[in-house]
Amino acid sequence: MEKTIEDPPTSAVLLDHCHFSQVIFNSVEKFYIPGGDVTCRYTFTQHFIPRQKDWIGIFRVGWKTVREYYTFMWVTLPIDLNNKSAKQQEVQFKAYYLPKDDEYYQFCYVDQDGVVRGASIPFQFRPENEEDILVVTTQGEVEEIEQHNKELCKENQVLKDSCVSLQKQNSDIQAELQKKQEELETLQSINKKLELKVKEQKDYWETELLQLKEQNQKMSTENEKMGIRVDQLQAQLSTQEKEMEKLVQGDQDKTEQLEHLKKENGHLFLSLTEQRKDQKKLEQTVEEMKQNETTAMKKQQELMDENFDLSRRLSEKKMICNALQREKERLEGENDLLKRENSRLLSYMGLDFNSLPYQVPTSDEGGAGQNPGLVYGNPYSGKTTFPFQLEGPSDGICDHTLEQQQMQALCLNCPICDKIFPATEKQIFEDHVFCHSL
């Protein structure tokens with residue numbers, strides 16, 4: 001079967017399930033001449049509605065399912081089904097896709113579900129009979145026919161030559177056949193020799209059979225001996241059965257012991273259950289201890305953080321104390337220099353340092369009023385006044401306010417993050433404050 005473009009939708013619908021009366025084929029010829037296109041005309045009945053995937057196929061008479069089509073064409077859908085002219089439709093099958101034999105065929109309309117909706121009368125593809133044809137020829141056609149006859153004579157001579165060649169080939173084949181016949185006779189002689197060998201082998205096998213019979217007789221004798229041995233084994237078996245009964249009795253005793261062990265196992269299981277309960281309680285206790293340990297670890301971490309903070313503050317205090325100690329030593333050195341200068345001036349004036357009549361100022365205001373231009377008081381007085389006091393248990397040197405003033409005097413404090421810088425690192429302090437503004 002030939003197909004065009006794509007396969008149509010088919011199914012295994014049998015003839016007795018088809019509806020052949022819904023599409024009627026018109027003007028179907030009894031035969032169509034091979035080599036020409038065939039036009040198929042058909043009509044839709046009143047209640048039939050064609051669909052897009054409907055098709056018309058050419059089937060050989062006697063088909064069973066719609067899959068047995070020889071060729072097919074898609075149906076063209078009419079624009080208006082209500083129009084009477086739309087009911088009359090036709091498709092054209094090209095000569096190339098038509099059958100080449102003279103069997104009987106018929107048109108079948110198949111819808112997109114693979115159901116046959118109409119079938120035509122049978123027809124054939126064959127030329128017209130010569131009885132129905134009146135031949136009219138001209139002188140030119142006669143000459144062409146004679147020329148054609150000459151060509152046929154030449155072809156006939158060629159065929160005769162070919163026949164001679166075939167006869168020669170036939171004689172060669174006969175000779176080959178004679179040779180094969182001789183080979184067959186040779187094979188037959190070989191076959192006779194083989195039959196003789198088979199007969200000799202058969203005699204040998206008969207001799208072997210006699211020997212086997214003798215061996216069988218010997219085996220029978222041994223079988224009798226084995227029967228005696230079986231009786232002995234049966235006696236041993238009875239003895240073993242008695243021993244088995246004893247073992248069964250022992251097995252019953254073991255079963256009783258097993259029952260006793262099962263009871264003990266039950267008691268142990270109850271004890272194990274109680275132990276598991278105790279274990280759960282212990283696990284809960286351990287969990288609580290873990291929680292307490294976690295709490296203790298948190299507290300320990302907090303204490304360590306606090307200790308670290310105190311250590312940091314202590315380090316800062318030590319740095320401040322060292323700075324104050326150095327300042328004190330520097331001021332004491334300056335005081336010693338001033339005392340030596342004062343003694344030198346007094347000796348230059350011819351006065352004794354210890355015999356000078358002077359009074360120590362009782363307040364900062366008096367000292368400032370007498371010597372407003374001296375920062376550290378009168379160098380000629382008996383006591384030097386400092387901008388802050390370094391030591392003295394009665395002056396309150398551990399006061400928190402005084403400590404802050406001292407830190408501010410020796411350190412630089414960041415106004416944004418409260419970070420402290422030594423007074424000697426002024427450039428670093430300024431860069432740090434500038435970074436906050438970025």
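Residue numbers start at 1 and run along the sequence shown. These figures come from a predicted structure and were not determined experimentally.
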query = Given side chains that start at C-beta, do those of Gln178 and Gln174 come closer than 4.5 Å, heavy atoms only?
reply = no
key: Modelled atom types, side-chain donor and acceptor of Glu288 and Asn292, under 3.5 Å   = no
Report, one line per pair, each donor and acceptor closer than 3.5 Å where one atom sits in a side chain of residues 238-253; sequence neighbours left out.
unit_1, atom_1, unit_2, atom_2, d
Ser238, OG, Ala235, O, 2.5
Thr239, OG1, Ala235, O, 3.1

inquiry  = Within a 6.0 Å radius of atom CD on Gln236, are there more than 12 heavy atoms belonging to other residues, nucleotides or ligands?
reply    = yes
inquiry  = Determine whether a donor-acceptor pair (N or O, by modelled atom type, separation under 3.5 Å) exists between the side chain of Lys94 and the backbone of Gln92.
reply    = no
message = Quick check: do Leu98 and Tyr105 have side-chain heavy atoms less than 4.5 Å from each other?
response = no
ask   = Has Glu425 got more than 12 heavy atoms of other residues, nucleotides or ligands less than 6.0 Å from its CD?
value = yes
inquiry  = So that I know where these two stand, are Phe72 and Tyr70 an aromatic pair - ring centroids less than 6.0 Å apart?
reply    = no
Atom CG of Leu303: over 12 foreign heavy atoms under 6.0 Å = yes
query = With respect to Phe107, which candidate in Tyr69, Trp63, Phe123 satisfies the ring-ring contact (aromatic ring centres under 6.0 Å, His included) definition?
reply = Phe123
task = Evaluate the side chain to side chain donor-acceptor pair (under 3.5 Å) criterion for residues Glu256 and His260: first the C-alpha distance (whole Å), next the side-chain angles of each, then the deciding distance (0.1 Å), finally the verdict.
result = CA-CA 6 Å; Glu256 293 176 357; His260 180 68; over 6 Å; no
inquiry  = For Asp305, is there any backbone N or O sitting under 3.5 Å from a side-chain donor or acceptor partner on Asp309?
reply    = no
query = Gln88 and Thr43: side chain to side chain donor-acceptor pair (under 3.5 Å), yes or no, with the steps?
reply = CA-CA 5 Å; Gln88 302 288 335; Thr43 304; 2.9 Å; yes
request  = List the steps, then state whether side chain to side chain contact (heavy atoms under 4.5 Å, CB included) holds for Val38 with Phe125.
outcome  = CA-CA 10 Å; Val38 174; Phe125 292 94; 3.9 Å; yes
query = Any sub-3.5 Å donor-acceptor pair from Asn335's side-chain atoms to Leu331's backbone N or O?
reply = no
request  = Determine, step by step, whether His432 and Lys419 satisfy the side chain to side chain contact (heavy atoms under 4.5 Å, CB included) criterion, reporting the C-alpha distance in whole Å, the side-chain angles of both residues, the deciding distance to 0.1 Å, and the verdict.
outcome  = CA-CA 9 Å; His432 173 76; Lys419 187 174 182 179; 4.1 Å; yes
message = Between the side chains of Glu341 and Arg344, is the shortest nitrogen-to-carboxylate-oxygen separation below 4.0 Å, so that they form an ion pair?
response = yes
inquiry  = Just checking Glu183: does its CD atom have more than 12 heavy atoms from other residues, nucleotides or ligands closer to it than 6.0 angstrom?
reply    = yes
query = Ring centres of Tyr109 and Trp55 under 6.0 Å apart?
reply = no
remark   = Quick note, side chain to side chain donor-acceptor pair (under 3.5 Å) partners involving residues 213-231, not counting sequence neighbours, are Arg229-Gln232
query = Are the side chain of Asp102 and the backbone of Arg126 linked by a donor-acceptor contact shorter than 3.5 Å?
reply = no
Residue pair Glu208 / Tyr204, side-chain donor-acceptor N/O under 3.5 Å = yes
query = Any donor and acceptor pair, going by atom type alone, linking the side chain of Gln106 with main-chain N or O of Val61 inside 3.5 Å?
reply = no
inquiry  = Using only atom types and a distance under 3.5 Å, with no angle test, would you say the side chain of Asn413 pairs donor to acceptor with the backbone of Ile420?
reply    = no
message = Parallel, tilted or perpendicular, judged at 30° and 60°: which one describes the rings of Phe421 and Phe429?
response = perpendicular
ask   = Near His436 NE2, under 6.0 Å, is it more than 12 heavy atoms from other residues, nucleotides or ligands?
value = yes
query = If you count the non-hydrogen atoms of other residues, nucleotides and ligands that lie under 6.0 Å from CZ in Arg276, is the total more than 12?
reply = no
key: For Arg117, the option from Thr45, Asp54, Asp111 that meets side chain to side chain donor-acceptor pair (under 3.5 Å)   = Asp111
